Amino acid sequence: MKFMIVDDDKAVCTMLQDIIEDYELGEVVVALDNAVSLDNKFLRLKKIDILIIDMLMPVRDGMQTVKDIKGDFKGKIIMLSQVENKEMVGKAYAAGVDYYITKPINRNEVVGVIRAVSEHTCLKNFVDNIRMGLHTVYNPEEVKRNSENRPFSIVENGRFILKNMGIDSEANSQEILLMLQQLEQDKIGEIEEFPSLKSIFSRLALEKKGKDVQKDSKAIEQRLRRTIFQAMVNIASIGIVDLTNPKFDDYASRYFDLAEVYALMRSLKQGEKPQITQTHINSKKFLRTLYIECSKRDEI
């Protein structure tokens, strides 16, 4: 993993670099004391996988920087801040931050977060390999050429919804799109005809052509749960800022168990770190709703 650290406190930069090197988490390619010159071209040039950036800095703060780069930056973003204001935390997640760490820096928390981020990045590479092996591959240029002459595909609709939930860059998002394609190929219609999750995971595992389909299916299931959990956290963060936000209103109850979303909101408001082990994840409801929504309309 290649890291970029941006913080106007040089002591923090040094501490983070020491942690990354001590635990062999990757390579710190660049450490900056401001974000004035930071853009997507620079990130691509340095091939950055993970950006660690402070929220409050002179001239150009971390929040504005994240908003400016998030559309094109495919890596992960970890935000640092002494601010524990719940509204600010919610805005950070809504802006596109993947993880939020409060100062003063806690070594164990930093190591845990970076390891989780690294796992997601490695999984993305695996998913991309699966994607390339399928006979139906999403091609942005083809979409651009034909967008005026044909309906939107189930993959395009799915990608749009996942982007609205803030999980389009998650490693498992590509696996979710593959599941939608498979369901479409099987001509799944009414809700009662929706297959079991076990059969969906097993079929996707077969595409991987691994030695242990059962083990691969379980891994796919766990990745899906983590991605749905991240979506729930993102939607809960939006709800904290504005309960009338269209994204919150549209997604909170239809894709998730609303009580669980409100529980996450309470945790975030109290400054607690959301825990997947304490949250009920209804994977079938999420995937079924997503498939129905992406199938019934030409454009979402």
Side-chain angles (χ1 to χ4, degrees), residues 70 90-91 93-99 120 123 127 138 152-184 186 188-201 204 220-269 274-300:
K70 186 59 180 177
K91 286 182 177 180
Y93 281 117
V97 170
D98 298 290
Y99 293 88
H120 280 188
L123 287 173
V127 173
Y138 174 74
F152 280 71
S153 71
I154 194 169
V155 170
E156 293 166 80
N157 283 341
R159 192 181 298 275
F160 179 83
I161 292 177
L162 297 183
K163 183 175 182 179
N164 274 346
M165 292 183 182
I167 56 172
D168 60 310
S169 61
E170 295 291 322
N172 186 249
S173 67
Q174 300 300 326
E175 285 186 330
I176 293 173
L177 297 179
L178 294 180
M179 292 177 200
L180 293 179
Q181 286 181 313
Q182 291 173 350
L183 292 168
E184 184 180 47
D186 291 343
I188 301 300
E190 300 299 326
I191 292 179
E192 60 267 26
E193 296 177 8
F194 198 84
S196 67
L197 290 180
K198 183 178 180 180
S199 66
I200 295 174
F201 300 151
L204 190 56
I220 291 170
E221 178 185 8
Q222 293 304 315
R223 289 196 291 271
L224 177 63
R225 283 175 51 80
R226 288 195 294 269
T227 302
I228 295 174
F229 175 69
Q230 185 60 55
M232 292 176 70
V233 172
N234 293 344
I235 295 301
S237 300
I238 292 173
I240 291 174
V241 178
D242 182 10
L243 280 172
T244 65
N245 186 292
K247 289 184 182 179
F248 181 85
D249 185 57
D250 192 29
Y251 298 141
S253 61
R254 291 195 302 117
Y255 286 85
F256 316 106
D257 291 340
L258 189 58
E260 296 295 327
V261 175
Y262 279 120
L264 286 172
M265 291 171 64
R266 288 193 295 271
S267 295
L268 290 170
K269 286 180 180 179
Q275 301 291 331
I276 190 171
T277 55
Q278 300 174 4
T279 305
H280 173 64
I281 310 285
N282 193 333
S283 299
K284 189 164 188 176
K285 177 178 181 179
F286 177 89
L287 192 58
R288 184 173 60 189
T289 303
L290 181 64
Y291 172 72
I292 292 172
E293 287 299 300
C294 293
S295 300
K296 71 182 183 181
R297 288 179 283 186
D298 288 342
E299 180 178 2
I300 296 179

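Because the structure is a prediction, the values reported are computed rather than measured.
Inter-residue side-chain proximity for L287 and F194 is flagged as met; some heavy-atom pair is nearer than 4.5 Å. Within the 4.5 Å cutoff, the side chain of S283 has heavy atoms near those of the R225 side chain. Side-chain contact check for Y255 versus V261: every heavy-atom pair is 4.5 Å or farther apart.
Atom NZ of K285 is surrounded by more than 12 heavy atoms from other residues, nucleotides or ligands within 6.0 Å. Within 6.0 Å of atom NZ in K284, more than 12 heavy atoms from other residues, nucleotides or ligands are found, so the atom counts as buried in its surroundings.
Across all their heavy atoms, L264 and A236 have their closest contact at CB-CB, 3.9 Å. Nearest heavy atoms, F256 versus M232: CD2-CG, 3.2 Å. For E293 against I161, the heavy-atom pair with the smallest separation is CB-CD1, 4.1 Å. Here the shortest heavy-atom pairing between F248 and G239 reads CD1-CA, 3.4 Å. Considering all non-hydrogen atoms of both residues, Q174 and R159 come closest at NE2-NH1, 3.5 Å. When all heavy atoms of D98 and K70 are compared, the pair lying nearest together is OD2-NZ, 3.7 Å.
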Working for side chain to side chain contact (heavy atoms under 4.5 Å, CB included), residues I154 and L183: CA-CA 10 Å; I154 194 169; L183 292 168; 6.0 Å; no

Residue pair L290, L162: steps toward the side chain to side chain contact (heavy atoms under 4.5 Å, CB included) verdict: CA-CA 9 Å; L290 181 64; L162 297 183; 4.3 Å; yes

Verdict with supporting geometry, L224 and E175, side chain to side chain contact (heavy atoms under 4.5 Å, CB included): CA-CA 8 Å; L224 177 63; E175 285 186 330; over 6 Å; no

From CA spacing to verdict: side chain to side chain contact (heavy atoms under 4.5 Å, CB included), M179, I220: CA-CA 11 Å; M179 292 177 200; I220 291 170; 3.7 Å; yes

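Scored by the salt bridge (charged side-chain N to carboxylate O under 4.0 Å, His left out) test, E221 finds K218 as partners (sequence neighbours excluded). Taking the side chain to side chain contact (heavy atoms under 4.5 Å, CB included) definition, one finds that D250 meets it with R254, sequence neighbours left out. Looking at residues two or more places apart in sequence or on another chain, you find a side chain to side chain contact (heavy atoms under 4.5 Å, CB included) between I240 and M265, L268, K269.
Between the OG atom in S173 and the CG atom in L178 there is a gap of 9.5 Å [rounded to 0.5 Å]. Interatomic distance, CG of N164 versus CD1 of I235, reported as 8.0 Å (0.5 Å rounding). Taking CD of Q222 as the start and CG of N172 as the end, the distance is 11.0 Å to the nearest 0.5 Å. Interatomic distance, OH of Y99 versus CD of Q230, reported as 6.0 Å (0.5 Å rounding). To the nearest 0.5 Å, the span separating OH on Y251 from CG on L258 amounts to 16.0 Å. Distance check: L180 CG to N157 CG gives 9.5 Å after rounding to the nearest 0.5 Å.
The main-chain N or O of Q275 is found under 3.5 Å from a side-chain atom of T279 such that the two form a donor-acceptor pair. Of the possible polar contacts, one joining the N245 side chain to the K247 backbone as a donor-acceptor pair under 3.5 Å is found.
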